[in-house]
Amino acid sequence: MKIAVTYENGQIFQHFGHTAQFKIYEVEDGKIVNAEVIDTNGSGHGALAGLLCSLKVDILICGGIGGGAQTALAGAGIKLFGGVDGNADEAVEALLANSLNYDPEAKCDHHDHHHGEGNACGDHGCGSNCGSHSCH
């Protein structure tokens, strides 16, 4: 199983669509066997779901995330644990221990009141095949 975490300086980065890095954890028999930090190379909202899909990620842990990205992840078969903050390694350990504190309703809260109409997180384009197939 592979778990991705939006990542910055050891912490869970709080805006999925703007994360510059993911920390990818490989898990076997309930234990982390490998972890590496990868750059997103400037990929934004929709492309990030495709990147995670290409890496064969099963689970994403993040802070805020918009509706469009949630739909793209669901379409790619990636399970989402949003609304999480704090240390990335500790969050993965908590997930593996079934004790992760997350918010199933997590959204990009800053979008609702700082942008004009039509600029919500879920309105960004996802590319041609985002969410149209499952990677798993």
Side-chain angles (χ1 to χ4, degrees):
M1 172 175 59
K2 283 191 179 178
I3 301 169
V5 179
T6 52
Y7 190 78
E8 184 178 60
N9 298 322
Q11 301 295 305
I12 298 167
F13 186 71
Q14 290 301 300
H15 185 180
F16 172 79
H18 291 279
T19 192
Q21 296 179 315
F22 286 108
K23 188 164 184 181
I24 308 294
Y25 300 80
E26 292 181 50
V27 176
E28 292 177 10
D29 299 322
K31 296 190 185 335
I32 298 169
V33 295
N34 188 40
E36 67 176 314
V37 176
I38 61 152
D39 290 327
T40 63
N41 297 319
S43 298
H45 294 82
L48 291 173
L51 173 64
L52 293 176
C53 187
S54 70
L55 294 169
K56 301 196 180 332
V57 166
D58 301 292
I59 294 171
L60 170 68
I61 298 173
C62 67
I65 184 167
Q70 289 179 10
T71 300
L73 291 168
I78 298 171
K79 186 168 182 172
L80 172 65
F81 292 88
V84 182
D85 60 12
N87 181 282
D89 293 347
E90 290 173 7
V92 172
E93 292 289 353
L95 178 70
L96 295 176
N98 292 316
S99 63
L100 181 65
N101 185 15
Y102 70 99
D103 178 3
E105 302 299 319
K107 300 275 190 270
C108 290
D109 57 3
H110 69 275
H111 281 284
D112 294 335
H113 44 83
H114 289 288
H115 290 302
E117 187 175 330
N119 253 346
C121 216
D123 291 336
H124 298 287
C126 275
S128 61
N129 65 355
C130 179
S132 64
H133 67 282
S134 174
C135 288
H136 300 283

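Computed from heavy atoms alone, side chains included, the values below leave out hydrogens, waters and symmetry copies. Every value quoted in this text rests on a predicted model; they were computed, and no experiment measured them.
- Within the 4.5 Å cutoff, the side chain of V84 has heavy atoms near those of the L100 side chain.
- Contacts classified as salt bridge (charged side-chain N to carboxylate O under 4.0 Å, His left out) and involving residues 74-89 (residues at least two apart or in different chains) are given here: K23-D89.
- In this view, F13 satisfies the ring pair (Phe, Tyr, Trp, His ring centres under 6.0 Å) rule with no residue, not counting sequence neighbours.
- Side-chain contact between K2 and V27: absent, with no pair of heavy atoms (C-beta onward) separated by less than 4.5 Å.
- At a threshold of 4.5 Å between side-chain heavy atoms, the hydrophobic network of Ile, Leu, Val, Met, Phe, Trp and Tyr places F16 and V57 in one connected group.
- Counting only residues at least two apart or in different chains, salt bridge (charged side-chain N to carboxylate O under 4.0 Å, His left out) contacts with residues 26-43 are absent.
- Within the model, atoms CD1 of I78 and SG of C53 stand 5.5 Å from one another, a figure rounded to the nearest 0.5 Å.
- Using a 4.5 Å heavy-atom threshold, the side chains of N87 and Q11 count as touching.
- Cluster annotation: I3 is connected to I32 through the hydrophobic network of ILVMFWY side chains, with a link wherever side-chain heavy atoms come within less than 4.5 Å.
- Considering CD1 of I61 and OH of Y25, their distance stands at 7.5 Å, rounded to 0.5 Å.
- For the atom pair NE2 of H18 and CD of E8, the computed distance is 12.5 Å after rounding to the nearest 0.5 Å.
- In this structure, the separation between CG on L52 and CG on L60 is 6.0 Å, given to the nearest 0.5 Å.
- Looking at L80 and C62, their side chains come closer than 4.5 Å, going by heavy atoms from C-beta outward.
- Note that CG of L73 is 4.5 Å distant from CD1 of I65, once rounded to the nearest 0.5 Å.
- The two atoms that bring Y102 and G82 nearest to each other are CB-O, 3.4 Å, heavy atoms only.
- Put simply, the side chain of T40 reaches to within 4.5 Å of the side chain of L51, judged on heavy atoms.
- Rounding to the nearest 0.5 Å gives a distance of 6.5 Å between CD1 of I12 and OG1 of T6.
- Contact check for F81 versus L95: side-chain heavy atoms found under the 4.5 Å cut-off.
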Margin query: side-chain contact (heavy atoms from CB on, under 4.5 Å), that's the test. Do L96 and M1 meet it? Break it down for me.
Written below: CA-CA 11 Å; L96 295 176; M1 172 175 59; 4.0 Å; yes
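- Counting heavy atoms from C-beta outward, I38 and L55 have side chains that approach closer than 4.5 Å.
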